[in-house]
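Structure first, then comments.
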Amino acid sequence: MLEIESLSKRFGGLTAVNAVSASFARGTINAIIGPNGAGKTTFFNLVSGTIRPTSGRVLFDGRDVTGLRADQAARLGMARTFQTTALFDTATVLDNLIVGHRLRTRSTLVDVILGTNRLRDEERICREKARAALDFVGLSHLEARVAGDISQEERKRVAFALALSTDPTLLLLDEPAGGVNPEETDGLAQLIRKMAKSGLTVCLIEHKMDMIMNLADRILVLNYGEKIAEGTPAEIRANPAVIEAYLGTEHA
Amino acid sequence: MKLVNARTGWSLLLLLALAFPFMAGNDYHLTVMSTAYIYAIATVGLNLITGYTGQFNLAHSGFMAVGAYTVGILTVDHGVPFWAAFALSGLVAAFIGFFVGLVSLRLKTHFFSIFTLCVGYIMFLLIEKWESLTHGTVGIVGIPAPESIGPLDFSEPRTQYYMVLFFLVASLWIMHRIVHSLLGRTFVAIRNGDELAQALGINLMRNKLLAFMLSVFFSGMAGGLYAGYVRFLGPGVAGVEHTFDMTMYMLVGGIGTLSGPLLGAIAVPWLTQYLQFLQEYRFVVFGPVLVLLVIFLPHGIVGTWLNRQRRKAALPATAPTPAPRLAAVPQEKGARHA
Amino acid sequence: MLSLDRVSLSYGSFRALHDVSIHADDGELVVLLGSNGAGKSSIFLTMSGLNRASSGSIRFGAHELVGRKPSQIVADGLVHCPEGRKLFPGMSVLKNLTLGAYVHRSDSKGVKRTLDEVFELFPILHEKRESPAGSLSGGQQQMVAIGRALMGRPKALLLDEPSLGLAPLVVKQMFEIIARINKAGTTVLLAEQNAYAALNIASRAYVIEQGRIVMEGGRDELLNNPQVRKAYIGA
Amino acid sequence: MELFLQQVLNGLTLGGVYSLVALGLTLVYGILHVPNFAHGAFYMAGAYSAFFLINRMGLNYWWGMAGAAVTVALISVLSERLVFHPLRKAPYLHHMIASIGILLFLEAGAQALWGADFHRMDTPYTQIVELGSLTLPAQRLLIIGAAFGLVVLLQLFLKKTVTGATIIAMAQNREGAALVGIDANRVAMLTFAIAGALAGMAAVLYAPINLVYTSMGHLVITKAFVIIVLGGMGSVPGAIVGGLIIGFAEAFGAFYISTDYKDIIAFALLVLILSVRPQGLFARGAH
Amino acid sequence: QEVIKIGFSGPLSGGAALYGKNVLSGMQMAAAEINAKPLDIGGKKYKLEIVALDDKYNPSETGINVQRLVQQHKTAAVLVPHSGGIFAVQAFNEKSKVLLLAYTSLPQATERGNTLTVRIPPDFTGYIGPFTKAMMTRHGKNVALAAADHDYAKAWAAAFKPAWEAAGGKVVAENPMSYNKATDFYSGVSRVIQAKPDVLFIGGASEPTALVAKQARELGFKGGFIIIDQAKIDEMAKVVGGLGPLEGSVGVMPVSGDDRPEPAAFTARYRKANPGKDPSSEISLNYSAVHATVAAMKLAGTVSDAAAIRAKMDQAFKTLPPEHNPNDIEGLDAKGGTVANTIIGVVEGGKIKGQFLRALNAAK
Ligand SMILES: Nc1ncnc2c1ncn2[C@@H]1O[C@H](COP(=O)(O)OP(=O)(O)OP(=O)(O)O)[C@@H](O)[C@H]1O
Ligand SMILES: Nc1ncnc2c1ncn2[C@@H]1O[C@H](COP(=O)(O)OP(=O)(O)OP(=O)(O)O)[C@@H](O)[C@H]1O
Ligand SMILES: CC(C)C[C@H](N)C(=O)O
Ligand SMILES: [Mg+2]
Ligand SMILES: [Mg+2]
């Protein structure tokens with residue numbers, strides 16, 4: 001469902017992503033790993049429209065989405081979370097999530113001023129979507145809390161819920177378990193699996209190998225912006241190039 | 001429960017406002033109040049882009065001037081009736097706001113502010129220099145009072161007061177609708193984090209532009225009222241100090257709240273009236289008062305109160321109350337480098 | 001000798017630390033374990049003077065640190081390498097490192113020597129010395145942060161989650177480096193999520209939960225404690 | 001040709017003074033991340049202090065300037081301690097309004113002390129230097145020389161001294177600076193002191209060819225803001241280049257186009273440049 | 001003993017504060033003199049008080065202030081020294097029944113038929129002919145316009161230009177400058193000097209006007225200045241360092257330089273009350289305005305009926321004792337503007353030589 005064709009991004013003299021091609025199938029969990037600075041986050045930014053590629057193409061459901069803005073990409077069904085978990089810290093958890101579904105609504109200023117039924121319906125739907133997403137990640141009890149006040153793991157979950165509330169078909173998760181302890185990491189992994197089961201395509205960046213090896217269907221390895229390997233966890237674990245660049249001997 | 005409270009509060013306020021002319025008993029009080037209402041309308045507009053959307057516009061009084069001059073020029077030079085000209089005042093401001101917004105809203109934080117500071121200054125200079133259109137520094141003299149509607153004669157201070165009050169109430173009502181709707185949530189989302197908002201499918205430019213145009217629409221309309229109320233216009237209306245004044249009203253009352261800017265826009269002019277006895281030295285007092293207010297009541301009067309309410313409602317009684325995190329104001333981004 | 005005696009800390013009305021007492025002898029490597037939000041960073045921030053304890057005392061050598069300014073604490077030889085790195089993103093790597101030796105600025109020879117040591121420890125930093133620190137990748141920035149802390153020639157080093165966001169290979173190197181620094185005589189206090197790796201190089205550890213010390217013990221004791229294994233090692 | 005050179009000279013004079021004021025503003029912005037609208041009032045305070053010292057106490061021009069630099073540095077540091085320090089965690093809108101409070105206070109205070117009258121500041125350099133067909137008032141030459149001398153000194157201080165580096169470090173990460181042992185308060189005060197002193201000296205340089213009055217700061221402050229945005233906020237070279245751009249735009253605009261429109265020209269220039277380069281000319285892409 | 005109040009709303013803070021305070025100081029001097037003697041109007045004893053409010057030059061604040069003066073202080077007359085504020089007050093002063101003492105020489109202030117307005121300064125158009133003549137004969141036919149760009153100066157320039165051309169002169173450059181807002185006049189001045197004018201037409205507030213003159217001299221200008229009446233030659237001399245640089249210029253005769261007995265006595269009185277300060281025409285004209293207003297109250301026998309007071313203003317000016325009328329105002333014209341035989345001053349040999357306007361106009 002997501003095809004990447006020879007995607008590149010240069011920052012001044014540095015090529016952060018260099019002619020990477022890849023393809024991700026519907027309903028699968030795909031991991032992107034690689035040393036720090038390998039270009040993983042940049043890769044996500046390119047796919048999700050946060051920054052424009054220098055060259056290459058991104059095809060989403062067969063449609064060329066290269067160079068679309070992030071909001072346009074989101075409307076097509078791409079949702080993402082950020083490496084440093086971004087939430088609207090000053091709003092309550094539920095309010096965070098209600099905006100999440102805004103992109104699927106059509107109410108305009110006119111609806112607002114006239115107070116039309118459409119607006120009322122859509123506001124209800126947004127609220128329902130928000131509650132459903134919160135329920136999905138198992139945090140219904142937190143809906144009235146201010147987002148800035150909840151714990152790191154809860155933040156990660158709310159970020160998932162926020163992504164889910166946009167009704168996506170593709171989820172891009174940047175280090176979803178970063179800064180989360182092993183026990184909680186397991187919980188998050190289960191949640192990711194649950195999302196894939198529900199039909200979502202998941203791409204995630206992670207450094208936690210135990211989690212990745214158990215979770216991912218396929219793994220893509222980047223190093224210095226280039227793809228150095230791609231395959232199942234088992235293949236990756238045995239790949240000498242990956243071991244040398246990233247895993248080290250211990251994990252092999 | 002909370003809604004009922006808010007509603008009774010607003011109704012009480014409205015009643016008070018309606019009764020004010022009978023309690024005030026003299027035209028001076030009415031003049032102060034009416035002028036305060038006019039600036040309150042503009043401030044409520046400013047609050048939409050600054051308080052709710054997080055883009056601090058310093059050209060706001062420029063747009064107020066645009067609205068005012070729309071009325072001034074049309075009525076004095078082209079014989080257009082006041083109400084027709086007034087109907088255009090907000091629209092013309094919003095129209096110009098469209099182009100200004102298109103360029104300026106690509107900038108963030110201070111860049112946007114200083115950019116709009118310059119835009120405001122250019123507007124001021126244009127008004128001053130473009131004599132064939134604006135009468136330059138001489139200003140527009142003899143703007144007619146709003147024509148009477150039926151038995152309502154708008155050259156009387158009392159009817160003028162009610163006229164201005166009417167538009168203030170209408171503005172607040174519309175603003176209330178906006179900020180409590182999905183649209184308002186969209187604006188707030190942009191304020192709270194534009195990168196995240198965009199990732200959630202919110203078109204930043206379109207929404208910011210909409211907020212900007214709405215905001216200056218209110219400003220233009222306030223300008224139109226100003227023209228019909230003061231009935232003389234000089235380039236000074238566009239002066240940036242008026243934007244600073246409005247910002248101060250917002251901050252004193254509570255930025256990013258509905259009633260805060262209103263409260264500020266009414267309270268501060270009265271305070272300055274009471275400080276008049278100090279004459280030229282009143283700023284020796286007023287300046288430090290302002291500083292103290294900003295330091296000790298950073299969320300403004302309404303904001304401080306609301307925050308307390310919100311925390312109380314959000315937390316289970318047993319949970320510890322976390323440290324207050326700043327609400328309602330565009331947060332400094334500089335610290336996020338690295 | 002570094003010790004906290006019944007230290008409490010509040011953020012506004014929220015109490016983040018409750019009577020925390022810990023200590024580290026000279027040359028020891030002590031690990032702080034705890035889940036997110038347990039209060040590890042808060043302990044460090046209180047020690048380095050960025051947060052002020054509401055009660056209790058912190059002693060380092062001959063000094064009482066509560067109420068002392070961060071700059072004085074660094075000069076005393078207690079250096080904190082913070083979570084989130086807090087580098088100077090627009091300055092070159094070299095400038096970042098040099099500023100790390102701010103308290104030794106009058107001793108330029110010594111600074112040069114420490115700098116060479118840091119470059120030896122992190123060769124990549126030498127390669128990147130002229131690049132702005134902000135343009136480095138996360139792992140490289142982490143190295144700059146540790147390098148910068150080392151430039152202060154600490155007697156005791158506080159490392160807050162140095163492995164956060166690092167690739168496994170780098171994490172492994174990181175722990176080796178920490179062990180080396182410790183072996184060279186620096187007292188290290190290490191806060192880590194990666195409990196297994198941390199305990200492996202540690203002499204003792206504390207477990208902290210919701211702002212309280214709930215467990216204390218030697219390395220092997222904790223490594224073999226089933227509760228600790230379940231909560232923090234995950235195996 | 002002479003006329004052209006004359007305008008170059010003018011551009012340099014204006015640019016020099018603007019740069020000095022803008023430099024202080026940009027330094028303070030670097031630390032505070034806040035536009036300090038009171039900076040124009042600092043400039044005004046500098047002129048009044050020197051006026052008082054020179055015309056009333058009979059000190060010579062240079063002692064007057066030194067006194068003004070010290071006085072304004074003090075005012076600047078005081079406002080840091082009393083106003084901006086307590087606000088350091090607040091959003092920038094708050095600083096802005098607080099700085100306007102300071103501005104109102106200082107202007108009203110100056111009027112209370114010295115009245116609303118215009119004052120003239122004396123300078124020993126009243127001669128006119130004739131260079132070929134160019135007429136150059138000595139004070140203007142002095143402004144150019146001193147302004148650029150100060151700029152160079154400041155740049156050397158920031159780039160070559162450790163104390164200078166601490167200012168930059170603070171600007172980039174306040175906590176990080178504290179953790180390497182930099183005393184944040186000291187650096188903040190130092191920065192404010194430098195900014196204040198620069199504004200004071202700029203005023204004393206410029207006042208003899210202009211007037212001393214309470215609202216004299218308004219003239220330079222808006223332009224100083226334009227300059228630091230133009231140059232990239234927090235950027236020292238940006239403040240200098242921006243100062244020169246605006247100085248030249250004004251001098252040449254006033255001469256070749258129209259005095260009436262020279263301000264519009266300066267502001268339009270900013271609008272134009274920011275439309276093309278939203279971060280200003282010299283901003284680093286640190287984000 | 002009751003109190004009558006005359007209001008003032010003008011700039012007391014901000015950039016125009018000096019101007020506002022000067023106006024006020026003239027008013028207060030008159031009030032002090034009036035209170036020094038028993039004041040008897042319509043058989044009652046009164047004390048006069050000037051109530052001053054700051055409006056920062058902002059018309060809408062002038063409106064508020066005047067309402068306040070009328071409602072709370074019951075002033076029958078208010079003095080406003082800026083055109084914007086005057087126009088704002090004219091929107092309601094007839095309805096509020098308050099006499100507006102308008103200190104502006106913009107003709108529009110009285111042109112629009114407001115029945116309760118008195119314009120205090122004489123119309124500036126009277127100066128144009130004599131100024132033109134004096135400078136054209138002395139220096140030549142080429143003039144460059146470099147006055148300020150605010151309403152008043154622009155109106156002046158607009159009236160001056162055709163008159164100069166009609167007298168056979170030529171306008172070689174035109175470059176109005178923002179005297180209040182510009183940081184530097186050098187470029188603007190060199191722009192007009194480049195056109196090699198014989199005469200430079202300048203003027204705004206005295207101090208910046210002086211800077212313009214000074215910079216023109218520095219740039220080698222040798223001709224004469226026509227100084228519009230807002231700027232005062234004596235105040236300018238303080239800035240440029242004596243009358244030397246202003247040699248060969250023409251402007252209104254400063255009150256302090258006028259050696260006729262009444263102005264001289266007035267100057268002496270003012271200096272005594274305000275050590276170190278010279279009275280400008282802002283001060284003397286508004287001083288007279290207060291005296292005239294009180295005189296009109298006496299004549300009308302009322303302290304509150306604005307229309308009745310307004311009706312006696314002409315007579316009041318006509319009967320003002322000379323010591324209260326240093327500018328020699330002769331009365332009001334049909335529209336409410338003052339009429340005076342002002343003297344103009346020409347700087348000659350380091351002195352200001354006075355000449356009667358009317359004499360000059362007649363000689364033409
Ligand atoms: N906006 C930018 N400007 C310049 N260089 C950039 C920019 N963004 C990223 N880079 C550079 O591109 C390279 C790849 O960065 P990226 O953030 O994609 O790495 P990453 O694989 O996500 O690393 P990590 O695991 O540490 O998060 C790095 O060298 C980084 O410095
Ligand atoms: N500046 C602050 N204001 C309010 N609360 C804070 C602040 N900093 C930390 N806290 C709260 O204090 C508690 C302890 O936080 P701390 O950062 O010390 O935990 P930690 O153990 O370092 O966690 P992590 O593993 O996530 O780094 C948390 O509940 C956190 O939300
Ligand atoms: C010279 C003065 C009589 C003019 C005055 N400044 C005005 O506003 O009209
Ligand atoms: Mg990354
Ligand atoms: Mg931590």
Side-chain angles (χ1 to χ4, degrees), chain B residues 24-36 38-39 64 68 121 124-125 128-129 131 135-145 155-157 160 226-237 239 241-242 245 269-270 272-273 275-284 286-287, chain E residues 8-9 11-14 17-18 20-21 24 51-74 82-92 95-96 104 106-109 111-114 148-155 158 176 178 180-181:
Chain B
N26 84 38
D27 290 354
Y28 155 62
H29 291 142
L30 282 181
T31 312
V32 176
M33 209 54 155
S34 306
T35 316
I38 290 172
Y39 275 99
M64 185 160 168
Y121 206 66
F124 170 82
L125 289 172
E128 199 181 78
K129 307 290 180 203
E131 288 177 16
H135 302 224
T137 44
V138 176
I140 300 185
V141 188
I143 299 169
S155 58
E156 284 298 322
Q160 277 176 339
Y226 178 96
Y229 191 80
V230 178
R231 296 171 56 192
F232 164 80
L233 287 177
V237 255
E241 62 273 15
H242 296 303
D245 285 345
W270 279 107
T272 48
Q273 284 301 313
L275 289 179
Q276 266 275 13
F277 73 93
L278 294 167
Q279 290 201 3
E280 71 240 53
Y281 304 118
R282 71 185 188 280
F283 290 108
V284 179
F286 189 76
Chain E
F8 163 89
S9 173
L12 292 174
S13 61
L18 175 62
K21 296 185 82 167
L24 184 57
V51 188
L53 296 177
D54 181 14
D55 63 19
K56 295 180 276 180
Y57 227 96
N58 175 351
S60 71
E61 294 206 27
T62 315
I64 292 178
N65 283 346
V66 172
Q67 291 278 13
R68 179 173 187 171
L69 291 167
V70 173
Q71 307 278 342
Q72 293 197 334
H73 298 281
K74 311 283 176 222
H82 53 106
S83 54
I86 288 164
F87 294 132
V89 173
Q90 284 182 339
F92 64 83
K95 193 164 266 164
S96 300
T104 177
L106 270 194
Q108 287 101 313
E111 222 89 296
R112 306 186 59 256
N114 189 289
D149 66 352
H150 61 282
D151 50 357
Y152 182 65
K154 281 209 160 158
S178 174
N180 301 321
K181 290 195 289 275

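Each chain gets a letter, A, B and so on, in the order the sequences are listed, and its residues count up from 1.
The contact between E:Asn58 and chain B is made entirely by side chain atoms (from C-beta outward), counting heavy-atom distances below 4.5 Å. Interface remark: B:His135 contributes no atoms to any contact with chain E (heavy atom separation under 4.5 Å). Looking at B:Phe283, only its side chain comes within 4.5 Å of chain E, counting heavy atoms on both sides. With a 4.5 angstrom heavy-atom cutoff, E:Asn65 touches chain B only via side-chain atoms. Only the side chain of B:Phe232 comes within less than 4.5 Å of a heavy atom of chain E; its backbone N, CA, C and O stay farther away. Neither the backbone nor the side chain of E:Gln90 comes within less than 4.5 Å of any heavy atom in chain B. Using a 4.5 Å cut-off between heavy atoms, E:Ala91 contacts chain B through both its backbone and its side chain.
Taking both residues in full, the closest heavy atoms of E:Ile64 and B:Tyr28 are given as O-CD1, 3.7 Å, listed atom of the first, atom of the second, then distance.
Put simply, the residue from B:Thr35, B:Thr31, B:Val32, B:Asn26 that forms a side-chain contact (heavy atoms from CB on, under 4.5 Å) with E:Gln67 is B:Thr31.
Taking CG from B:Leu275 and CG from E:Asp54, the interatomic distance works out to 11.5 Å, rounded to the nearest 0.5 Å. Between B:Phe286 atom CZ and E:Ser13 atom OG the span is 11.5 Å, to the nearest 0.5 Å. Between atom CG of residue B:Asp27 and atom NZ of residue E:Lys95 there is a gap of 10.0 Å, rounded to the nearest 0.5 Å. To the nearest 0.5 angstrom, B:Glu156 atom CD is 13.5 Å from E:Phe92 atom CZ.
Heavy-atom pairs under 4.5 Å with chain B peak, among E:Ala17, E:Ala155, E:Pro59, E:Ala52, at E:Ala52. Contacts with chain B were tallied for E:Gln71, E:Lys56, E:Lys21; E:Gln71 has the most, counting heavy-atom pairs under 4.5 Å.
In this structure, E:Arg68 contributes its side chain and B:Gln273 its backbone to a donor-acceptor pair below 3.5 Å.
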task = Would you please test E:Arg112 and B:Val141 for side chain to side chain contact (heavy atoms under 4.5 Å, CB included) and show each step?
result = CA-CA 9 Å; E:Arg112 306 186 59 256; B:Val141 188; 3.5 Å; yes

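Here the side chains of E:Asp149 and B:Lys129 are in contact, with some heavy-atom distance below 4.5 Å.
Between E:Lys154 and B:Glu131 there is a salt bridge, since a side-chain N of the basic residue sits under 4.0 Å from a carboxylate O of the acidic one.
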